[in-house]
Structures are given as C-alpha cells and as structure tokens.
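Below is one structure, written out as structure tokens, with a few remarks after it.
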Amino acid sequence: MQIEKVYEPQRFEPHWAQWWIDSGIFRASGSPSGSAAGRVFSLVIPPPNVTGSLHIGHMLEHTEIDVTIRWHRMLGENTLWLPGTDHAGIATQMVVERKLAEEGIKRQDLGREEFEKRVWQWKQQYGDTIKRQMIRLGTSCDWSRERFTLDPGLSRAVREVFVRLYEKDLIYRGEYMVNWCPRCHTAISDLETVHSDVEGHLWHIRYPVNGMPGRYVTVATTRPETMLGDTAIAINAKDTRYLDLHGKTVQVPLMDREIPIILDDLADPEFGTGVVKVTPAHDANDFEMGRRHNLPKIQVIDDNGNMTAAAGRFAGLDRFQARKEVVAALEAGGQLVKVENYTLPLGRCDRCKTVVEPLISTQWFVKMKPLAEKAIAAVETGRIEFIPANWSKTYFEWMYNIRDWCISRQLWWGHRIPAWHCQECHEIVVAREEPKTCPRCASGRLVQDTDVLDTWFSSGLWPFSTLGWPDQTEDLATFYPTSLLITGFDILFFWVARMAMLGIEFMGEVPFRQVYIHGLVRDADKQKMSKSRGNVVDPLIVTEKYGTDAVRMALLQGAAPGTDIVLTEERMDTARAFANKIWNAARFLFLNMERSGVEPWVPDSLEQYRPESDPATLEVRIEDRWIFSRLNSTAELVNRAIEQYRYHEVAQVLWQFFWHEFCDWYLELKKMRFQENSGLTAGWRNTLAAFETALRLLHPAMPFLTEELWQRLAGGRTTRPLSIAIAPYPQYRQEMTDFEAEREVGVLQEIVTMARTLRTEAKLDPKQQLVGTVYARNSALEVAERHADAIQRLANVKLEFKNEAAPKAPAIRSTAQFDLVLEVPKSHEEAQRKRVGKDREQLVKNIANSERQLSDETFLSKAPPPVIESIRQKLTDYQTQLKKIDDAL
RNA sequence: GGGCUUGUAGCUCAGUUGGUUAGAGCGCCUGCUUCACACGCAGGAGGUCCACAGUUCGAGUCUGUGCAAGCCCACCA
C-alpha cells in the first residue's frame, strides 16, 4: 500500500466532497444569506448522534463566501438539514451588483425591462461560475426559468404564506414612515438600519409668532433642512414658559407659511428649548404627531435624497447641500439663534452605508404582535431552548418591543409580492396564481405589484419550505420540527426569530427545539470579518493552503460557548500540523503493514471489537489493553462534550488523545512489536482496530482526512459501511475500562519521563545508554521490571530493580511509590542537587499547606470527608517524598 | 438611555456544580536531522487569576462596588 510522504489535502478533499453527495450520504444545506461575511466560518459541528462535516463554499471568484453543512441523515433522528434556499438568488444578485458597479449604471436608469434583459445576459456570462458554486454548495437551483428568481418550490411556499397571512389580516398595506435608502432606492426594515453616533450640530432657529410682534419661539433641530416641510410647532402643555402661546400660530422662516402651535407630550421641556418643530413627512415621531393632530404632510426630500419642488428655492439640491444653504439663509435672515455641537445617532443602510432618509411611502407590512406572542411563549415554556441560555434574554427583549415588519422592497430581484392592482377600480387582489380579471370590476387590466419581498421573508420559511410545504410530504412529517439550529447571533432577529414566528404560525409547532448560538469569527485583531472591512479570510485560499480539515479544527478549537472565534493563520498552522500528525501515524502503520505482510483490514464489527490476546502468552499486550481503555474514556468525554455543545473541548480531547497518547506512547510502544512478515497477528488486529476507532472518533472534526485514511485502511472490503461518515460513532463501553492497564502504563510512563528528565538535566547525550536502578517496596517494582524492555527503548536506560530503599544518590527522582536513580558523571551532580532542592522547596510548601488545613478544626468539621481524605493522602505522599529527598541530599 | 459579554502565562484562550502544586496551543530557552512525522522528538522557563470589599472551613470559580474593553438594542428634536 502506498502512502504519500506529504499530507496533501487538496488531493482528496474535492473527491470525497463530490462522492458524499453522489452516493447520497449527505444532503447539503446552507444558511439563506450569503452576505454576512462574519459568518463565513460559521461553526458547524454535528449534533449528538449525527455525523456531519463542514464544507466551505465560495461564491463568485473571491467576492463572496458561505458555509455549507453536509449532514448525514440518520434514520429516526429528527435532524435533517436540507438544501439552502436563496443561494441561487443571492449569487445572481451579486453578479448584478458587481456588473452594475463595474459599468457604473444605476438600476433605476435602466428601466425594468432593460434591467431584466441585462441580468439575463450577465447570468449567461457568469452562469457557469454560479452553477459550479451551487453544485459545490449542494444547492438546488432552476436555471431553465426565464426569470432569475429562486427555487420554484420556495416561490410557491412564499406565495402561500403571503396569501394566508393576508387572509388572516396579518399582512396589510399602508402609508407609513419607512427607512428609505436613497442609493438602493428601496425601503429597508429597522433591522437593516445600523445606527452610529456622529458629531453633528443642534441648530437653534427662531420662528416669529403671529399676532405677537417681537415674540418668537426657538426650536432646536439637528436637521434644519427639514424645517422647509414643517407643518406645526409642538410644546408641552405643562411647560409654563409657553402658556401664552396656546392656540397661536407661527411663521415658518424662509417659507413664509403659517403653521399652528400644538400641544403634545412628545415635546420634552427638559430638552433643548422645550419646543419641537414638527415635520410629519420626514421624521417618525413627527409622523405620529401629525396623525394625532391631523397635520398636513409636506414632502421636501424625494426618494433620491434631493429636495422637492415643495422646498421652494432649495428645490433640486442634494439634502446635505440643502442643509448648508438653509443654515446660511437662516443666518443671513437673523433667524439662527445659535449652533451647538451635538452627538446624534445616525441611521445608515446596512448594505451601502448611505444615510437613511425617513420617508412616507406605501409599503407592505406584517403585523408582528400576534406572531411574536406565540414565539415568546415557545421560549418561555421551553419548547425552544437557547444555548447558551442567556440569549433568550436578548430574544425576549426584541420580541417584546417588536414593531411591524416592512416586507416590501423596491428591488428588482427576489420573490415578487403576489398582489395585483386593478388599473380600473384600484382594487388590490392577493392571490396564489395570477388572476385573469378583477374580482370587483371584472376588468382584465391587472398589474402585479412591482415590489419584491424582503429576503428574510422567504428565509423565515426555510424550516418547512425546504421539506416540501405546503404539500404534506413524508419529509415534512418526519423531520419537522428539527432538533437543532446552529447559527450566529448576528442573525438572531433577522432569521431565527422569524423562523420561530412563521414556523409556529404555519406548522403549529416550533421549527427547532434548540438553538445553538456560536460566536462570530474574528480576525487576529478581533475585528468581525466583513466584506467591507476587507479582512475576510478567503476559504478557497485558506483551505487550499491548510486543508479544510485543518481550518475546521482551528475553528473547533476556538469554539467555546459564548465567545467569539479568533481565526488566525497561526491557529490554522497548528491545526494543519495535527492533520499531518494523523497522516503520518497512518503512514507509519501502512509502511509497517507492508513490512509485516499485513493486508488492509478493519474489524467486522466495529462496535463490538475487543482486544485479542497473543496466542503464545494467552494475554492481551499491555499497550493494547491500555489504548482501548484510553479510547473508551476519550469516546466518553467526546460524546459528552458534543451533547453539551462544548465543541472546543471536543477538539482538545481529540487532540490530546491522538497526539499525546496514541502517537507518543502507543505507537512508540508498538514499534518494538512489529516483525517482518508476521502476517495479520492478534497484535496487528488490535493495532488496526485501535487506529480505526480513533479515526471514527476524529471524523466529525476532520471529515476528509479520516475518510481518506479509513477507506485506505479498509482497502475496499464490502461488508463495512460505505463511508466512515455512516459508521457508528464510538461510544463509552463500561467493559472496556481497564484500570489495571492504565496504572501499569502509568508507572512505565513515569519512569520513562523521569529518566528523560534526569538525562537532560545532566546534559547527557541522548544516544548514550545510561544505567539506572528502580527502587521500590511494592507492586510498582514488579510492574517496572515487566516493562524493562519498553523503558529501555523509550528512555535509552538499562535498568536494574531492587526491592529496597533508595540509597543516597545525586541523580534521583522519586514518587511516593518508587525511586529512580541514574548513574551520572560526578561533574553533573551540582545541577542535580539544585534541581532536587527546588523540588524540596515545593514539597515543604505543600506539606505546610496541607498540615495547616488538617489542623483546622472548622475545616475538619465542615469539609466533606472525601476532601479531607484526599488531603491526608496527599500529605502522606508529600512526606514520603520529602524524606527520600532529604536522604538523598 | 436599556440590555449583554469579557478581563487568567509574552500572545490567543480553556478552567463544567467553590476543594488547595491554575491548564492548552503558539511564542521563548536547551538538546536532538533517531529509519511515520522538523507541520517532528525530548526536556524546560514563565501566572500577586483587573482592583477592593463580602459570603465560606476553603474563592480563578459565588455576591457587591469600582476600573478597563467590546457588543447589541433604542423614534426624543
């Protein structure tokens, strides 16, 4: 059997990825949004009893990346992750955005028809790239359709949900203040608006009061240009400063318009001058006030962010330019009282960072209160559980303060709203299929609403739409509700909360039982990875360089619950070293199999294997007993860690076991067992079974490498499972625990380590064989003697064994059980003495500490007996060792 | 303004229900190119667990206050 000297993941990873899909072992899934680069390396680990693997995809030549999970479908387990939803749409969207940017065109300049034509061309041009990507992601998409929208099954589900919500009166269309992005030319939801504090000004403007010559009111505003659209001035009824103004009107400076002074609680006497200008068309608060007082709405800024004709002489100016000119004009006219520096929160578009303009427009909304109530209850009653649990607090906070969700977008891709407007009678028809005639006036002139839905609307249907809903499919019956959702907190509201609400509403049951929230991946400077920051790790480059398994392992190591994951090249470097270590352990075994004439082999029953005894001695070799006992503990720890979502611990335990037990001790011990042309002996079967079990343990963490090695190890046998991915995951078996073997190997390890330390301290050549003696008056002596060969090999020390007390010697190391004395040249005695002196100091400290406690009456009466007992035991050990050291000195 | 999180070795972080010599990886120091692996092997140095107070026989761990850093939410001009 050939095994390459260098570990080259590129040679087998693509092969297995494709094979897993082709052979039906995995179905792929992905999160619906590919845009949040912070989730690029969303940590994906299989839930309990499910084997899975992470595959990192890459969209569109280094511009976008996403993660795909391939889950193994386990019969009877309600954990199935299905093809992602919107990947095709998102990929298209990205092509479009890129091309628009490249060619410097705006969508609105093209017109819808021309736009769609271009999109089609670009799609042809980039179709192969996208398609390749989709295949790699395992995502379905339908390329034969004329329109570039999404998966047809999903489109159907989206229409169905929309119609049902509309029928239940949970969707309405209305004129409201929305966050408008003048660049994207669309309304965006509250969640897509990001706030940041900016240094601004508070301009104090004087409005003359009509009928009261010389009387003015001064208002403070951060947006003077909106004063052009003022339709009232508000004061608090309780504000004694302005009692004389009740019922009066003021004159809007620069506009020469008369507006009323109204009384409203929103005017806070404590803030500014206590007087607020009211601009119902450009501020959410003012909009509400305008409703309460029936004020007219004057729109002075249009949807491009420019001043409208209503802005008088400022018409046509950009809104920021208009601000400057308005301020200048006010100043010239003496109406500007003063300017203060002021820090204010400014909303920007999440996508393009353009300052959001609050505008009145007609949009589609979902009523959230009724949906939220059920979703809150689901978490309160524990039907949905967050891990870590404190995320439920964040969830509640948002849910309790939820506002209606603006779902219409003026974008030109995505799912179009299934509503048709009658051109004759203006009736709005919401329907699953395009209506032929208007149900009210029978006119045939129906035009579909041009808006599309917020992408999260369709994403929110993911848990059931991917299972075939609205059809009552077998998948739906079997796999809804799913057991676990693994995701990042950055989309808790966008996605998780909405899946919860929509799932409960349409399925009558929660979409998932548990939500594991992992940290965001951050770069070396702890910055969130994002496209705009440009600090995104490119998975194609990184997986090419380190291997997918190594990247995955690096993520795993940093995946402690509740913390972010810092992904650095160093970490991936060491993870690759680990992968290489596994590879070379395999290489070592394969080379020796060849020498011994052993064919590829794995046990018939992976779950039932027990180490076999040597026909000559009728005993199981100690190292075999030991490694199976260690494998067993490792399986126990790993399984428990997975159940508790302690993924970093999974990584740590696997690492520790494979590197520092399997390689450092087991394989080293095995080196002296292998013989040329021995054939498949019991010892070989034990070795291969142990390695095979280790591979299965490692598989969820390092899927590609373990599949490759496992297939080579099994060498094409047909009775085995098709893939390591569907082989049983090692479980704890009580009968495999072998305390005796662990103790024996423990003694061996101690002696070897002690000998090595002594040797290094004495600065002796590793190649020079030393002579030493083990002194003990208990069973440790016999154990040591039995393993003299192994000790000699591992530490290069020839040992004698004496059942007596250790003599005074310079090079001595002691445990409570035994002492090891090495013969070293006199010149090195001083170094030894220093060393022993240091040990002694520590022992004296420990003894004092233990004695203090054991003489404390309160401690003895209050501490639990096992704790007291363990301290007594330790004290005895310390004292024994101290005595030995003192004797030696 | 409301909520959340973090502060442990030079760096990045573990440390489960409080139990007495606080761990890992990287980095650093020493020695080794030993026939699986220098992406390696062996050995080693390095920490007043942010500060103060409290609870307790016992605190890195629990409570409070303070200091420092970060994140999320929020319509007050």
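Lettering follows sequence order; numbering is per chain, from 1.
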For A/Tyr342, report the nucleic acid contact type (base, sugar-phosphate, nothing); a contact means any heavy atom under 4.0 Å. sugar-phosphate
For A/Arg576, side-chain hydrogen bond (donor to acceptor under 3.5 Å, both in side chains) partners two or more places apart: A/Asp573
Only counting residues at least two apart or in another chain, list the ones meeting ring-ring contact (aromatic ring centres under 6.0 Å, His included) with A/His201. A/Trp203
Using a 4.0 Å heavy-atom cut-off across all strands, classify A/Lys277 as base, sugar-phosphate, or nothing. nothing
Once you apply a heavy-atom cut-off of 4.0 Å, does A/Glu569 come out as touching a base, just sugar-phosphate, or nothing? nothing
Is it the case that the side chain of A/Asp549 and the backbone of A/Leu705 share a donor-acceptor pair, with hydrogens and angles ignored and the cut-off at 3.5 Å? yes
Distance between C1' atoms of B/G15 and B/A9 (Å, rounded): 14 Å
Donor-acceptor pair under 3.5 Å, A/Asn580 side chain vs B/C37 base: no
Does A/Lys581 have a side-chain nitrogen or oxygen under 4.0 Å from the phosphate oxygens OP1 or OP2 of B/G40? no
Contacts of type ring-ring contact (aromatic ring centres under 6.0 Å, His included), residue A/Phe674, not counting sequence neighbours: A/Phe588, A/Trp684
CD on A/Gln769 to CG on A/Leu764, rounded to 0.5 Å: 13.0 Å
Determine the Euclidean distance between corresponding C1' atoms of B/U5 and B/G10; express it in Å to zero decimal places. 25 Å
Rounded to the Å, how far apart are A/Lys862 NZ and B/U20 P? 20 Å
Each nucleotide N or O in nucleotides 22-27 of chain B that has a protein N or O under 3.5 Å away: list the pair and distance.
none

Once you apply a heavy-atom cut-off of 4.0 Å, does A/Arg576 come out as touching a base, just sugar-phosphate, or nothing? base
Could you run down the sub-3.5 Å N/O contacts of the protein with nucleotides 1-5 of chain B?
unit_1: B/C4; atom_1: OP1; unit_2: A/Lys393; atom_2: NZ; d: 2.6

B/C35 P sits how many Å from A/Arg587 CZ, rounded? 11 Å
In the 5'-to-3' direction, what one-character label does each nucleotide of nucleotides 44-49 of chain B receive under the scheme B = base within less than 4.0 Å of a protein heavy atom, S = sugar-phosphate only, - = no such atom? SS----
On the six-membered ring of A/Tyr176, is A/Arg291 placed so that its NZ or CZ lies under 6.0 angstrom from the centre and within 45° of the ring axis? yes
Is the shortest side-chain N to carboxylate O distance from A/Glu623 to A/Arg673 below 4.0 Å? yes
Any chance the rings of A/Trp655 and A/Phe578 have centres within less than 6.0 Å? yes
Name the nucleic acid region contacted by A/Asp664, choosing base, sugar-phosphate or nothing; use a 4.0 angstrom heavy-atom cut-off, strictly under. sugar-phosphate
Write down the protein N/O and nucleotide N/O pairs, taken from nucleotides 16-18 of chain B, whose separation is under 3.5 Å; answer none if there are no such pairs.
none

Can you pull out the residues from residues 844-859 of chain A that lie within a 4.0 Å heavy-atom distance of RNA chain B? A/Asn846, A/Asn849, A/Gln853, A/Asp856, A/Thr858, A/Phe859
Please identify each residue that fulfils ring-ring contact (aromatic ring centres under 6.0 Å, His included) with A/Phe658, with sequence neighbours left out. A/Phe662
Output yes when at least one side-chain N/O atom of A/Tyr7 is less than 4.0 Å from OP1 or OP2 of B/A36, else no. no
Regarding the side chain of A/Thr222, the nearest nucleotide among B/U30, B/A77, B/C57 is B/A77
Atom CD of A/Gln769 and atom P of B/A42: how far apart are they, to the nearest Å? 19 Å
Taken to the nearest whole Å, CZ/A/Phe658 to P/B/C39 is 18 Å
Looking only at atom C1', what distance separates B/G3 and B/U55, rounded to whole Å? 28 Å
Remember a base hit wins even if backbone is also touched, and classify A/Ala267 as base, sugar-phosphate or nothing at under 4.0 Å, heavy atoms. base
Rounded to the Å, how far apart are A/Phe287 CZ and B/C76 P? 18 Å
Would you classify A/Ala284 as touching base, sugar-phosphate or nothing, given that sugar-phosphate means primed atoms plus P, OP1 and OP2, and contacts are heavy atoms under 4.0 Å? nothing
Could you tell me whether A/Pro864 contacts a base, only the sugar-phosphate backbone, or nothing, with contacts defined as non-hydrogen atoms closer than 4.0 Å? base
Look for any protein N or O under 3.5 Å of an N or O in nucleotides 31-34 of chain B and output each such pair with its distance, or none.
unit_1: B/U33; atom_1: OP1; unit_2: A/Lys767; atom_2: NZ; d: 3.0

Sugar-phosphate only, base, or nothing, as touched by A/Gly274 at under 4.0 Å among non-hydrogen atoms: base
When rounded to whole Å, the CD to P distance for the pair A/Glu8 and B/A36 reads 20 Å
Considering just the side-chain nitrogens and oxygens of A/Tyr546, establish if one lies under 4.0 Å of OP1 or OP2 belonging to B/C39. no
Residues forming a side-chain contact (heavy atoms from CB on, under 4.5 Å) with A/Asp264, sequence neighbours excluded: A/Ala234, A/Leu266, A/Met289, A/Arg292, A/His293
By nearest nucleotide on RNA chain B, pick out whichever of A/Leu589 and A/Gln842 is the more 5' one. A/Gln842
Determine the Euclidean distance between corresponding C1' atoms of B/G66 and B/G27; express it in Å to zero decimal places. 34 Å
Counting only pairs under 3.5 Å, give me each side-chain donor-acceptor contact of residues 387-400 of chain A, with atom names and distances, residues two or more places apart or in other chains.
unit_1: A/Ser392; atom_1: OG; unit_2: A/Ala389; atom_2: O; d: 2.6
unit_1: A/Tyr395; atom_1: OH; unit_2: A/Ala375; atom_2: O; d: 2.9
unit_1: A/Tyr400; atom_1: OH; unit_2: A/Glu380; atom_2: OE2; d: 2.8

Reckon A/Lys670 touches a base, only the sugar-phosphate, or nothing at all at heavy-atom distances under 4.0 Å? nothing
Span that lies between the C1' atom of B/U56 and that of B/G64, in whole angstrom: 16 Å
